[in-house]
*Asks:* 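Take this structure, written in C-alpha cells, and hold onto it; I'll ask about it next.
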Amino acid sequence: MALPVALGTVNFGTSIDKEHCFQVLDMFQSLGGTRIDTADNYAFWHPQGQGGESERVIGAWLADKNRSDFEIITKIGAQSLSSKTFDNLTGLSAAAVLRAVEGSLYRLGTSYIDVLFAHLDDPHTSLLETWQAMSQLVASGKVRKLGISNYSTQRVKVLDELIVQHGLEPVSYAQYRHTVIPPVPGADFAPQIAIDDGLLAQLRNMSAPLTIMAYSPLLDGHLAVAGAELPAQYDSAANREAVAAMGEEARSRNASLAAVVLERLCQQGFLPITATGNAQRLRENLKLLC
Ligand SMILES: NC(=O)c1ccc[n+]([C@@H]2O[C@H](COP(=O)([O-])OP(=O)(O)OC[C@H]3O[C@@H](n4cnc5c(N)ncnc54)[C@H](OP(=O)(O)O)[C@@H]3O)[C@@H](O)[C@H]2O)c1
C-alpha cells in the first residue's frame, strides 16, 4: 500500500541543495512514498529563487525513475510576476493556466501531471473560466486529476455548483493549512487558509468525494520535537496541553512528536504533506506510518 503522506518540496532547489533533495527523495521512495507535492512558484520568495526550482529538482531526480511509480502533484496560479511579492501573480485565466502547465511539464520532464492544483483563488478570473481550462487539460491527458488550495468555503461551494451545472471535472483534492491543533481564534495566515469546521463540512459534502491534504502539519518544526514552543498563532493553554500529551505518547512509543502528529492526521482522514531537507529526519517522522 502507498505511504499515506505526500512529500513537501517547497524548499527544494533553493534553501535545500540538489544533493540533499535527492537524498530525501531516495529515502521517501525507499519508505514506500509515491506522492510528491510541488508548485510552479517554489520558491520565488527565496533570495536566490525565481520559482520553478523545486519542479526542476524533482524532474532531474525523476529522469532515471519509472514515472508511473509516482504521483506528481503541482500547483499553478501563484507565481509572482514581480519576482518577489504576492501582489501580482500569474493567476488562473484560461491562457495563464495553459501556459503554466506547459512550464511545469517542461521543468518536471514529464508528459503528464497526476494532480494539478489551483494554488490560490484568482479574484480577477471567473471560476468557470479557470475550471473549464483545467478540465480541458484532463480531457487532453496532460493532467489526471484536479485540486484546489486556499479557496474560501463560499468559493468552494460556488465552484462545486458550477462543476455540476457544466459537467466539468470534479475537485478530487483540496489542500489547506491543517494540523492536529487548531489556530487561536482570529489567526490570519493570508494568503493561506486554515481548515475550520465550516470549510471541513463543505469539503466533506462535495458532489464528488475528495482527498484533503494537510500542509504545514509540523508548524514549520514547532510540532516536531517535544518541548518546543508553539508559534503565537497556535499558542493556547488547550493546545499546550494537547501537545504535552502527544509528547508523552511519543516518548512511550519511542517515536518523535512529529511521527505522532503525522499518524494522527492520517487517522483523522487527512493526507499530510511532510517536508524536511534531512533524509534521516524523514525516516523518523514517518516511523509510525511505514
Ligand atoms: N498549498 C499551499 O499553499 C501550501 C502552503 C505551504 C506548504 N505547502 C506544501 O506543504 C509542504 C509542507 O509544508 P511545510 O514545509 O510548512 O511543513 P511543516 O511540516 O509544517 O514544516 C516543515 C519544516 O519542519 C522541519 N522539520 C521536519 N521534521 C523535523 C524534525 N524531526 N525536527 C525538527 N524540525 C523538523 C523542517 O526543517 P528541516 O528541513 O530542517 O528538517 C521543515 O522546515 C510544503 O513543502 C509544500 O509542499 C503547500
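In listed order, ligands and their atoms are each counted from 1. As the structure is a prediction and not an experimental result, all values here were calculated from the model.
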*Asks:* What part of N285, side chain, backbone, both or neither, has a heavy atom within less than 4.0 angstrom of ligand 1?
*Replies:*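 Near ligand 1, N285 shows its side chain, while the N, CA, C and O stay back.
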*Asks:* What protein heavy atom is closest to atom 39 (O) of ligand 1, reported as residue, atom name and distance in Å?
*Replies:*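 Heavy-atom neighbour on the protein nearest atom 39 (O) of ligand 1: G277 N, 2.8 Å.
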*Asks:* I need the nearest protein heavy-atom contact for atom 22 (C) of ligand 1: residue, atom name and distance, please.
*Replies:*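 Residue, atom and distance for the closest contact: A275 O, 3.4 Å.
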*Asks:* Any atom of ligand 1 sitting under 4.0 Å from a heavy atom of M213?
*Replies:*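 No, that is not the case, since the closest heavy atom of the residue is not under 4.0 Å from the ligand.
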*Asks:* Out of curiosity, Q192 CD to F86 CZ, how far, rounded to the nearest 0.5 Å?
*Replies:*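 With rounding to 0.5 Å, CD (Q192) is 8.0 Å from CZ (F86).
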*Asks:* Taking non-hydrogen atoms only, is A224 closer than 4.0 angstrom to ligand 1 via side chain, backbone, both or neither?
*Replies:*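 For A224, the contact with ligand 1 is made by the side chain alone.
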*Asks:* Determine whether any heavy atom of T274 lies closer than 4.0 Å to an atom of ligand 1.
*Replies:*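 Contact absent.
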*Asks:* Step through the shown structure and confirm whether more than 12 heavy atoms of other residues, nucleotides or ligands are within 6.0 Å of NZ on K145.
*Replies:*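 Open.
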*Asks:* Looking at OG of S54 and NZ of K75, how far apart are the two atoms once the value is rounded to the nearest 0.5 Å?
*Replies:*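 If I round to the nearest 0.5 Å, the distance is 8.0 Å.
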*Asks:* Heavy-atom contacts with L219 under 4.0 Å: which atoms of ligand 1 show up? List them by number with element.
*Replies:*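 By the 4.0 Å cutoff, the relevant atoms are 20 (O).
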*Asks:* Within 45 degrees of the ring normal and closer than 6.0 Å to the centroid, is that where the cationic atom of R281 sits relative to F28?
*Replies:*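 The answer is no; the distance or angle limit is not met.
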*Asks:* Which option, I273, I16, V261, D220, owns the non-hydrogen atom nearest atom 43 (O) of ligand 1?
*Replies:*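 Among I273, I16, V261, D220, the closest heavy atom to atom 43 (O) of ligand 1 belongs to D220.
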*Asks:* Does F117 have a non-hydrogen atom less than 4.0 Å from ligand 1?
*Replies:*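 No heavy atom of F117 comes that close to ligand 1.
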*Asks:* Out of F12, F189, Y42, Y176, indicate the one that has the non-hydrogen atom closest to atom 8 (N) of ligand 1.
*Replies:*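 Nearest option to atom 8 (N) of ligand 1, by heavy atoms: Y42.
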*Asks:* Considering both backbone and side-chain atoms of V10, is one of its nitrogen or oxygen atoms within less than 3.5 Å of a nitrogen or oxygen in ligand 1?
*Replies:*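 For ligand 1, there is an N or O atom that lies under 3.5 Å from one belonging to V10.
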*Asks:* How far is atom 3 (O) of ligand 1 from the closest protein heavy atom, and which atom is that?
*Replies:*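 The closest one turns out to be N150 ND2, 2.9 Å.
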*Asks:* What heavy-atom pair brings F12 and G8 nearest, and what distance separates the two atoms?
*Replies:*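 Here F12 and G8 meet closest at CE1-O, 4.2 Å.
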*Asks:* So that I can tick it off, tell me whether R264 and E249 are bridged by a salt bridge, with the cut-off set at under 4.0 angstrom between side-chain N and carboxylate O.
*Replies:*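 Yes, charged N to carboxylate O under 4.0 Å.
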*Asks:* Has R177 got any heavy atom lying under 4.0 angstrom from an atom of ligand 1?
*Replies:*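 Under 4.0 Å: no for R177.
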*Asks:* Just to confirm my output: which protein heavy-atom neighbour is closest to atom 9 (C) of ligand 1, and how far is it?
*Replies:*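 For this ligand atom, the closest protein heavy atom is D37 OD2, 3.6 Å.
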*Asks:* Is there a side-chain contact between Y173 and L116, using heavy atoms and a 4.5 Å cut-off?
*Replies:*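 Y173 does not reach L116 side chain to side chain.
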*Asks:* Within this structure, what is the CG-OG distance for the pair L146 and S172, rounded to the nearest 0.5 Å?
*Replies:*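 Going from the CG atom of L146 to the OG atom of S172 covers 6.5 Å.
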*Asks:* With no hydrogens and no angle check, do the side chains of E55 and T74 hold a donor and an acceptor under 3.5 Å apart?
*Replies:*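 T74 and E55 do have a side-chain donor-acceptor pair below 3.5 Å.
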*Asks:* Tell me if the CD atom of E241 is crowded by more than 12 foreign heavy atoms within 6.0 Å.
*Replies:*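 No.
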*Asks:* Should we say atom CZ of F189 is surrounded by more than 12 heavy atoms from elsewhere, each under 6.0 Å from it?
*Replies:*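 Counting other residues, nucleotides and ligands, CZ of F189 exceeds 12 neighbours.
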*Asks:* Which of the numbered atoms in ligand 1 are under 4.0 angstrom from any heavy atom belonging to Q192?
*Replies:*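 Counting from 1, the qualifying ligand atoms are 5 (C), 6 (C).
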*Asks:* Looking only at heavy atoms, is any part of P217 under 4.0 Å from ligand 1, and if so is it the side chain, the backbone, or both, or is it neither?
*Replies:*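 For P217, the contact with ligand 1 is made by both the backbone and the side chain.
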*Asks:* At under 4.0 Å between heavy atoms, which part of T9 makes contact with ligand 1: side chain, backbone, both or neither?
*Replies:*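 The answer is the backbone.
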*Asks:* Please report which non-hydrogen protein atom sits nearest to atom 34 (N) of ligand 1, along with the residue it belongs to and the distance in Å to one decimal place.
*Replies:*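 Among all protein heavy atoms, the one nearest atom 34 (N) of ligand 1 is R281 NH1, 3.3 Å.
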*Asks:* Show the atoms of ligand 1 that are less than 4.0 angstrom away from any heavy atom in S149.
*Replies:*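 What qualifies from ligand 1 is 1 (N), 2 (C), 3 (O).
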*Asks:* Atoms of ligand 1 less than 4.0 Å from K75 heavy atoms?
*Replies:*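 Near K75, meaning under 4.0 Å from one of its heavy atoms, ligand 1 has 1 (N).
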*Asks:* Checking a contact table here: which protein heavy atom is nearest atom 16 (O) of ligand 1, and how many Å away?
*Replies:*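 Checking every protein heavy atom, the shortest distance to atom 16 (O) of ligand 1 gives S216 OG, 2.7 Å.
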*Asks:* Answer yes or no for R35 and F70: cation-pi contact, defined as NZ/CZ to six-membered ring centre under 6.0 Å and angle to ring axis within 45°.
*Replies:*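 Cation-pi check for R35 and F70: fails.
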*Asks:* Taking only heavy atoms of Y215 into account, list the atoms of ligand 1 that are under 4.0 Å away from them.
*Replies:*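 Result: 1 (N), 2 (C), 3 (O), 4 (C), 5 (C), 6 (C), 7 (C), 8 (N), 9 (C), 10 (O), 48 (C).
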*Asks:* Got Q136 and Q132 here, is their nearest side-chain heavy-atom distance under 4.5 Å?
*Replies:*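 They are not in side-chain contact.
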*Asks:* Could you walk me through whether N150 and Y215 pass side chain to side chain donor-acceptor pair (under 3.5 Å), step by step?
*Replies:* CA-CA 11 Å; N150 305 306; Y215 68 71; 2.7 Å; yes
*Asks:* Decide whether an N or O pair under 3.5 Å exists between T276 and ligand 1.
*Replies:*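 So ligand 1 has an N or O lying under 3.5 Å from an N or O of T276.
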*Asks:* Should E284 be listed as contacting ligand 1, given a heavy-atom distance under 4.0 Å as the test?
*Replies:*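 In this structure, E284 fails to qualify as a contact of ligand 1 - no heavy atom is under 4.0 Å.
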*Asks:* Taking side chain as C-beta onward, heavy atoms only, is L230 less than 4.5 Å from I181?
*Replies:*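 Yes, close enough: below the 4.5 Å cut-off.
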*Asks:* In the protein, what heavy atom is nearest to atom 24 (O) of ligand 1, and what distance, to one decimal place, separates them?
*Replies:*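 That would be G221 N, 3.2 Å.
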*Asks:* Give yes if a backbone or side-chain nitrogen or oxygen of N11 is under 3.5 Å from a nitrogen or oxygen of ligand 1, and no if not.
*Replies:*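 Min N/O separation from ligand 1 is not below 3.5 Å for N11.
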